[in-house]
Amino acid sequence: MTVRTRFAPSPTGYLHIGGARTALFSWAYARKNKGQFILRIEDTDVARSTPEAVKAILDGMSWLGLDWDEGPFYQMQRIDRYKQVIQKLIDEDKAYYCYCSKEELDDLRERQMRLGLKPRYDGRWRPEKGKTLPAPPSGIDPVVRFKNPDSGFVVWDDLVKGQISISNEELDDLIIARSDGTPTYNFCVVVDDWEMGITHVIRGDDHVNNTPRQINMLKALDAEIPFYAHLSMILGSDGQKLSKRHGAVSVMQYDDDGYLPEALLNYLARLGWSHGDEEVFDMEKFSHWFDFNSITSSAAQFNLDKLNWLNAHYIKHADLSLLVSKISKRLTSLNVDLAQGPDLLKVIELYRERSNTLKALAESIIYFYQLPDIDLELAGKHMTEDVLPILRSFTVKLNDVEWKIEAIHDLIQQTVSDNGLKFPKIAMPLRIMLTGGAQSPSVDAVMVLLGKSEVLSRINSFLDKIKNNLNK
RNA sequence: GUCCCCAUCGUCUAGAGGCCUAGGACACCUCCCUUUCACGGAGGCGACCGGGGUUCGAAUCCCCGUGGGGACGCCA
């Protein structure tokens with residue numbers, strides 16, 4: 001049997017973390033088994049589906065590098081086929097027209113809730129032996145309902161949750177075609193999973209309750225029942241459900257925020273799945289290791305700290321040229337002119353280990369290309385009266401030094417020794433004048449990158465400013 | 001309300017009856033490295049939801065409770 005999995009998002013919003021993980025697991029299982037991964041857009045909710053959302057989903061998938069073998073299929077383009085199958089079910093007495101109005105149904109539900117019952121359709125239009133149906137009211141377009149078995153159990157071995165059994169008495173006759181004739185989700189899924197030959201349905205566990213209905217319809221169509229794997233949800237970092245209002249952001253937002261797709265993928269893979277103590281691995285390894293036995297059946301909380309840690313790791317190990325291209329895009333969009341400073345590649349090489357995100361990395365190196373705002377309070381703390389003269393004479397000597405890390409380092413070292421000081425006594429003021437702040441890589445390395453004339457110009461202009469202030 | 005699912009450090013997880021004095025990772029703390037901040041290295045803090053069974057033995061199996069989540073749409 002060739003494994004065929006699918007990812008079937010509805011285009012009512014962007015691709016978020018939960019969807020991305022579902023897609024990732026489906027993709028991985030297909031890859032592991034040399035099967036096919038199919039992308040299907042479930043756009044039968046005409047009112048809420050948008051082309052923008054379709055694009056957002058496709059963008060998200062390709063940013064993550066989750067490539068599909070077939071599709072994207074659009075359900076709206078298969079409407080005729082669904083209608084045929086619906087007609088077939090009606091002809092075979094496996095489905096029927098129901099003339100209940102929405103108001104009637106709301107009424108029914110409300111009454112059942114009041115009685116402590118599970119709200120469900122009572123089957124008033126369901127044709128049965130010896131039962132007389134009311135006359136169809138005129139002027140009402142009926143919906144089509146599937147005739148669900150009214151006894152027995154639907155049982156399946158969920159690949160994640162184990163055996164699940166649900167009584168048919170809990171299920172009602174669900175609507176498979178709306179009054180305007182369009183088929184509904186539960187029905188389209190069944191027809192598609194069947195006709196597209198899906199062998200493993202991997203989806204969020206909010207679909208567990210749909211599964212028995214779908215199995216019943218599959219049986220009615222004499223179709224093979226696929227395996228089901230229901231993934232537990234991903235909760236927000238506060239343990240609350242993710243929703244549009246609450247923390248469910250597009251995967252593309254992670255791109256904007258400076259995360260590498262391989263970091264997000266690695267993080268997501270590890271959320272609800274494990275392979276012993278493995279924490280850091282690429283998708284080749286993941287698709288090799290992936291299996292349903294190692295999926296956790298409980299919900300997982302999203303944790304940004306760990307994503308940050310992974311992202312830092314991937315930044316540290318990324319191709320320098322890739323980082324250069326990503327960082328230069330960011331800096332350019334911040335109106336930073338890269339021609340005004342050192343080779344970006346050299347800067348990134350020195351700074352890549354210091355940031356969790358590309359965004360932070362880009363922002364941390366801006367002062368190579370434009371003058372930094374100097375933290376004056378901090379400067380005051382380090383540039384005390386006693387070090388100013390030493391700094392001045394150091395600057396003069398700097399003019400003649402060979403512009404290499406060691407030579408600069410030696411000069412600083414010699415200056416502090418001559419004056420009975422410790423290294424930071426000179427290094428800190430230099431750092432502040434050159435970068436604006438108190439944190440940077442080794443100051444000699446920063447100086448080499450900045451270049452001699454820029455270094456001297458920044459130091460001198462700051463020292464002059466101090467002098468002028470003192471004279472005032 | 002009814003049905004379904006879930007339950008190990010703060011978080012992600014390992015754990016398939018003895019290997020568990022419960023392992024790893026993130027976060028946190030301490031120390032080392034050091035030119036500040038990071039990186040890196042070495043340590044540390046920290047958990048089996050509760051109660052009953054089953055068993056010579058239970059984090060692991062069963063039952064009940066509790067807590068969390070999901071579903072109950074002419075949404076997907």
Side-chain angles (χ1 to χ4, degrees), chain A residues 8-12 42-45 47-49 75 98 100-102 105-106 109 112-120 141-145 158 160-162 164-167 169-172 174-180 182 184-186 188-189 203-212 230 232-233 235 237 239-241 267 270-280 293-294 296-310 312 316 351-356 364 382 409 412-413 416 422-428 430-432 435 437-445:
Chain A
S10 70
T12 53
E42 310 218 317
D43 53 0
T44 50
D45 183 355
R48 295 198 304 151
S49 297
Q75 289 189 321
C98 165
C100 280
S101 68
K102 287 179 192 179
L105 292 171
D106 287 345
R109 262 192 286 272
Q112 288 166 327
M113 288 285 260
R114 257 205 320 266
L115 291 169
L117 299 169
K118 185 173 185 159
R120 57 223 232 255
D141 291 323
V143 299
V144 179
R145 285 183 186 269
D158 197 273
V160 175
K161 295 180 183 289
I164 299 181
S165 158
I166 291 172
S167 166
E169 287 170 31
E170 294 295 328
L171 272 25
D172 60 3
L174 74 157
I175 292 174
I176 59 178
R178 304 181 178 91
S179 42
D180 66 3
T182 57
T184 58
Y185 160 77
N186 267 302
C188 301
V189 171
R203 61 193 358 175
D205 89 358
D206 46 336
H207 286 290
V208 166
N209 295 275
N210 290 325
T211 305
H230 287 101
S232 300
M233 24 186 336
L235 273 21
S237 46
Q240 297 299 299
K241 190 191 177 183
Y267 178 72
R270 206 49 202 70
L271 208 55
W273 175 87
S274 62
H275 185 73
D277 289 340
E278 298 289 346
E279 295 287 350
V280 182
N293 286 339
S294 320
T296 321
S297 42
S298 54
Q301 233 168 282
F302 188 85
N303 179 233
L304 197 62
D305 283 331
K306 192 157 182 184
L307 208 213
N308 283 337
W309 171 74
L310 274 168
K316 251 178 273 173
Y351 277 73
R352 69 194 314 193
E353 292 193 350
R354 316 171 64 79
S355 300
N356 286 154
S364 74
H382 289 273
H409 184 269
I412 299 176
Q413 189 57 60
V416 291
K422 294 249 172 85
F423 201 98
K425 204 73 181 163
I426 295 294
M428 281 312 287
L430 286 175
R431 185 163 5 244
I432 292 162
T435 72
Q439 289 114 43
S440 84
S442 300
V443 75
D444 39 26

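Please read all numbers here as calculations on a predicted model, not as lab measurements. Within every chain, numbering begins at 1; the chains are lettered A, B, ... in the order of the sequence lines, protein sequences first and strands thereafter.
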Expressed as a whole number of Å, how far does the [atom1] atom of [N] sit from that of [M]?
N	M	atom1	value
C3(B)	C26(B)	C1'	37 Å
U30(B)	C45(B)	C1'	10 Å
A22(B)	G50(B)	P	16 Å
A47(B)	A25(B)	C1'	15 Å
G41(B)	C4(B)	C1'	49 Å
C31(B)	U11(B)	C1'	25 Å
G10(B)	C48(B)	P	9 Å
G65(B)	C28(B)	P	42 Å

| Closest-nucleotide ordering on RNA chain B, the 5'-leading residue of S355(A) and V208(A) |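 So the residue in question is V208(A).
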Nearest-nucleotide check on RNA chain B, S442(A) vs L117(A); residue mapping nearer the 5' end is L117(A)
Please tell me if [X] has a side-chain N or O lying less than 4.0 Å from either OP1 or OP2 of [N].
X	N	value
R431(A)	U35(B)	no
K316(A)	A38(B)	no
S49(A)	A76(B)	no

[X] near the nucleic acid: base, sugar-phosphate alone, or nothing, with a heavy-atom cut-off under 4.0 Å?
X	result
S167(A)	nothing
P9(A)	nothing
K102(A)	base

Nearest-Å distance, [atom1] ([X]) to [atom2] ([N])?
X	N	atom1	atom2	value
N308(A)	C39(B)	CG	C1'	15 Å
Y351(A)	A38(B)	OH	P	15 Å
L115(A)	C3(B)	CG	C1'	17 Å
D106(A)	G73(B)	CG	P	9 Å
R109(A)	U2(B)	CZ	P	19 Å
M113(A)	U2(B)	CE	P	11 Å
E353(A)	U34(B)	CD	P	17 Å
R114(A)	U2(B)	CZ	P	17 Å

Need the pair for [N]. Rule: Watson-Crick or G-U wobble, both distances under 3.5 Å, any strand; none if unpaired.
N	value
A22(B)	none
A16(B)	none
C49(B)	G65(B)
C72(B)	G1(B)

Quick check: does any side chain N or O of Y267(A) sit under 3.5 Å from a backbone N or O of N303(A), one acting as donor and the other as acceptor?
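Yes.
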Q) Quick one: does S274(A)'s side chain have a donor or acceptor within less than 3.5 Å of a partner on G276(A)'s backbone? A) no
Applying ring pair (Phe, Tyr, Trp, His ring centres under 6.0 Å) to H409(A) and not counting sequence neighbours gives F423(A)
Self-check item: Electrostatic pair E279(A):K306(A) at N-O distance under 4.0 angstrom
Solution: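 Here E279(A) pairs with K306(A) in a salt bridge, since their nearest N and O are under 4.0 Å apart.
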By nearest atom, which of the nucleotides [options] is closest to the [X] side chain?
X	options	value
D206(A)	U35(B), A7(B), A71(B)	A71(B)
I164(A)	C4(B), A76(B), U2(B)	C4(B)
M428(A)	C74(B), A76(B), U36(B)	U36(B)
H207(A)	G70(B), U2(B), A76(B)	A76(B)
N210(A)	G73(B), U35(B), A76(B)	A76(B)
M233(A)	C6(B), C74(B), G69(B)	G69(B)

Readout for nucleotides 10-26 of chain B: B = base within 4.0 Å of protein heavy atom, S = sugar-phosphate only, - = neither; 5' to 3' it is -SBSS--------BBBS
Contact string for nucleotides 28-33 of chain B, one letter per nucleotide 5' to 3', B = base within protein heavy-atom range under 4.0 Å, S = sugar-phosphate only, - = neither, reads ------
Does any part of the side chain of [Y], heavy atoms only, come nearer than 4.5 Å to the side chain of [X], both counted from C-beta?
X	Y	value
V160(A)	W273(A)	no
Y351(A)	S440(A)	yes
W309(A)	N356(A)	no
H382(A)	L430(A)	no

Which is it for R431(A) and S442(A) under the side chain to side chain donor-acceptor pair (under 3.5 Å) test, yes or no, and what are the steps along the way?
CA-CA 9 Å; R431(A) 185 163 5 244; S442(A) 300; over 6 Å; no
Problem - Working for side chain to side chain donor-acceptor pair (under 3.5 Å), residues D180(A) and T182(A) - result: CA-CA 6 Å; D180(A) 66 3; T182(A) 57; 2.7 Å; yes
*asked:* So if I apply the side chain to side chain donor-acceptor pair (under 3.5 Å) rule between H230(A) and each of D206(A), D158(A), D205(A), which one comes out positive?
replied: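 Result for side chain to side chain donor-acceptor pair (under 3.5 Å) with H230(A): D158(A).
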Quick one: does T184(A) reach the base of C74(B) with a side-chain donor-acceptor pair under 3.5 Å?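 Check fails, no donor-acceptor contact within cut-off.
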